[in-house]
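Chain letters run A, B, ... following the sequence lines, proteins first and then strands; every chain starts at 1.
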Amino acid sequence: MKLPAKTEKVIALLKKEYPAAKIALDFSTPMELLVATILSAQSTDVTVNKVTPAIFSKYKNVHAYARADLKELEQEIYSTGFYHNKAKNIIGAAKLIIEQYHGKIPATMDEILELPGVARKTGNIVLYNAYGVVAGIPVDTHVRRLSQRLGLTRNNDPEKIEQDLMKLVPRKLWGKFSYLLIDHGRKICDAKKPKCPACILNKLCPSYKKFFPIR
DNA sequence: CTCCCGATAT
DNA sequence: ATATCAGGAG
């Protein structure tokens, strides 16, 4: 089957299976989303959602993060890991948003990438979920793993995978697509032992044989 | 390519 | 007790 046709089927099946697929991070403002997404680097959304309620009620806006005490913030986000980097990045991003962007989180990819701790995955997530801006496809570890297993890309670099996916997936679905793969990745196609026999995509999946050779 | 780090599964 | 998970910067 040709890749575009296969991609269409994958999307149709996943939409039927996960009609409510969406971001799993808790937030209520663009700044909260930015903070949560920076924290989610190399950390699960579940872990992030445990620390954000406390910091969201303590830091009410961009200015509060800009004047946050580094050590205090480090303690508050400790359990998400890489807390020295993340605390510095959050404060640095807040200061830059105030100085360069008039206190508003930028709504274009070029601008948001200027913020410390923000690369394409984080940029795509914030632009899409805060503003509905579709700049690309967020490629996190789930999107990368499933795209590779499904044969939608031969690349390993997330940025190249994003380019491959953008050619295959209709633009209106760029935002939704990631969350479909992520839901399926968490539930069925996990990193360690994918549950291929229970997978609704196994007939389309080149990796089925690989994981279950005899079948 | 290396460093940054805790949480969770096994 | 140890392997594996989970992005970005220099």
Side-chain angles (χ1 to χ4, degrees), chain A residues 21-27 31-55 65 70-97 100 105-106 108-130 135-149 153 155-166 174-175 177-196 198 207 211:
Chain A
K22 66 168 181 55
I23 186 167
L25 293 170
D26 298 329
F27 69 97
M31 186 58 190
E32 288 186 359
L33 175 59
L34 175 66
V35 171
T37 311
I38 289 175
L39 292 178
S40 79
Q42 296 290 97
S43 180
T44 65
D45 292 347
V46 173
T47 299
V48 172
N49 287 338
K50 284 178 186 167
V51 310
T52 46
I55 58 181
Y65 287 101
L70 179 62
K71 294 298 174 191
E72 280 179 30
L73 186 55
E74 285 180 355
Q75 295 316 307
E76 289 153 358
I77 66 173
Y78 178 84
S79 62
T80 68
F82 301 110
Y83 53 89
H84 292 297
N85 289 339
K86 289 176 182 177
K88 189 161 3 111
N89 287 339
I90 288 169
I91 293 171
K95 288 179 173 169
L96 206 150
I97 288 165
Q100 306 294 322
I105 287 82
T108 68
M109 183 61 88
D110 284 350
E111 291 176 323
I112 206 166
L113 287 177
E114 293 297 316
L115 305 178
V118 178
R120 289 198 64 89
K121 178 248 175 183
T122 298
N124 275 317
I125 287 176
V126 174
L127 293 181
Y128 177 67
N129 292 285
I137 299 177
V139 178
D140 70 351
T141 187
H142 298 288
V143 175
R144 175 170 73 175
R145 186 180 66 252
L146 270 70
S147 298
Q148 291 174 332
R149 286 179 178 172
T153 182
N155 284 302
N156 193 41
D157 170 25
E159 298 212 8
K160 288 182 178 170
I161 293 175
E162 186 183 352
Q163 298 305 317
D164 291 338
L165 294 177
M166 287 191 289
W174 283 5
F177 183 69
S178 290
Y179 295 111
L180 291 171
L181 289 191
I182 291 168
D183 272 16
H184 193 59
R186 293 204 239 259
K187 219 181 144 194
I188 302 289
C189 194
D190 56 284
K192 288 179 179 171
K193 31 180 182 54
K195 304 160 184 63
C196 298
S207 303
F211 289 120

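Contact annotation for K88(A): no contact, since no heavy-atom pair falls under 4.0 Å across all strands. At a threshold of 4.0 angstrom between heavy atoms, the contacts of L115(A) are confined to the sugar-phosphate backbone, with no base atom among them. N89(A) comes within 4.0 angstrom of no nucleic acid atom, judged by non-hydrogen atoms across all strands. Backbone-only contact: T122(A) has heavy atoms under 4.0 Å from sugar-phosphate atoms and none from a base. Contact annotation for V46(A): no contact, since no heavy-atom pair falls under 4.0 Å across all strands. Looking at heavy-atom distances under 4.0 Å, P158(A) makes no contact with the nucleic acid at all.
Considering only side-chain atoms of A191(A), the nucleotide from dC5(B), dC5(C), dA6(C) that sits closest is dC5(C). In the set dA6(C), dC4(B), dA9(C), the nucleotide with an atom closest to the side chain of A119(A) is dA9(C). For T47(A), taking side-chain heavy atoms from C-beta onward, the closest of the listed nucleotides dA9(C), dA6(C), dA7(B) is dA7(B). With distances taken from any side-chain atom of K192(A) to the nucleotides dA6(C), dC5(C), dC4(B), the minimum falls on dC5(C).
Rounded to an integer number of Å, the gap from K121(A) NZ to dG7(C) P is 4 Å. Between I182(A) atom CD1 and dG7(C) atom P there is a gap of 8 Å when expressed in whole angstrom units. Here dG10(C) presents its P atom at 14 Å from CG of L113(A), a figure rounded to the nearest Å. Between the P atom of dA6(C) and the CG atom of D140(A) lies a distance of 8 Å, rounded to the nearest Å. Between the CZ atom of R186(A) and the P atom of dA7(B) there is a distance of 18 Å, rounded to whole Å. The separation between E162(A) atom CD and dG8(C) atom C1' is 15 Å, rounded to whole Å. Summarising the geometry, the separation between CZ on R144(A) and C1' on dC5(C) is reported as 11 Å, rounded to the nearest angstrom. Atoms CZ (R145(A)) and C1' (dG7(C)) sit 15 Å apart, rounded to a whole Å.
A salt bridge is defined here as a Lys NZ or Arg NE, NH1 or NH2 lying under 4.0 Å from an Asp or Glu carboxylate O, and K195(A) with D190(A) meets this definition.
Here, dT4(C) and dC5(B) have their P atoms 22 Å apart, quoted to the whole Å. Comparing the P positions of dA6(C) and dT10(B) gives an interatomic distance of 13 Å, to the nearest angstrom.
Side chain of K86(A) to backbone of I38(A): no donor-acceptor contact under 3.5 angstrom is found. Looking at R145(A), its side chain does come within 3.5 Å of a backbone N or O of C189(A) through a donor-acceptor pair. For the pair D157(A) (side chain) and E159(A) (backbone), a donor-acceptor distance under 3.5 Å is present.
Side-chain N/O atoms of T141(A) include one lying less than 4.0 angstrom from OP1 or OP2 on dA6(C). Side-chain nitrogen and oxygen atoms of Y78(A) include at least one within less than 4.0 Å of the OP1 or OP2 phosphate oxygen of dG6(B).
Between K50(A) and Q42(A), it is Q42(A) whose nearest contact on DNA chain B lies nearer the 5' terminus.
Judged by distance alone, the side chains of S40(A) and K121(A) do bring a donor and an acceptor atom under 3.5 Å apart. Side-chain atoms of N155(A) and Q163(A) include no donor-acceptor pair closer than 3.5 Å.
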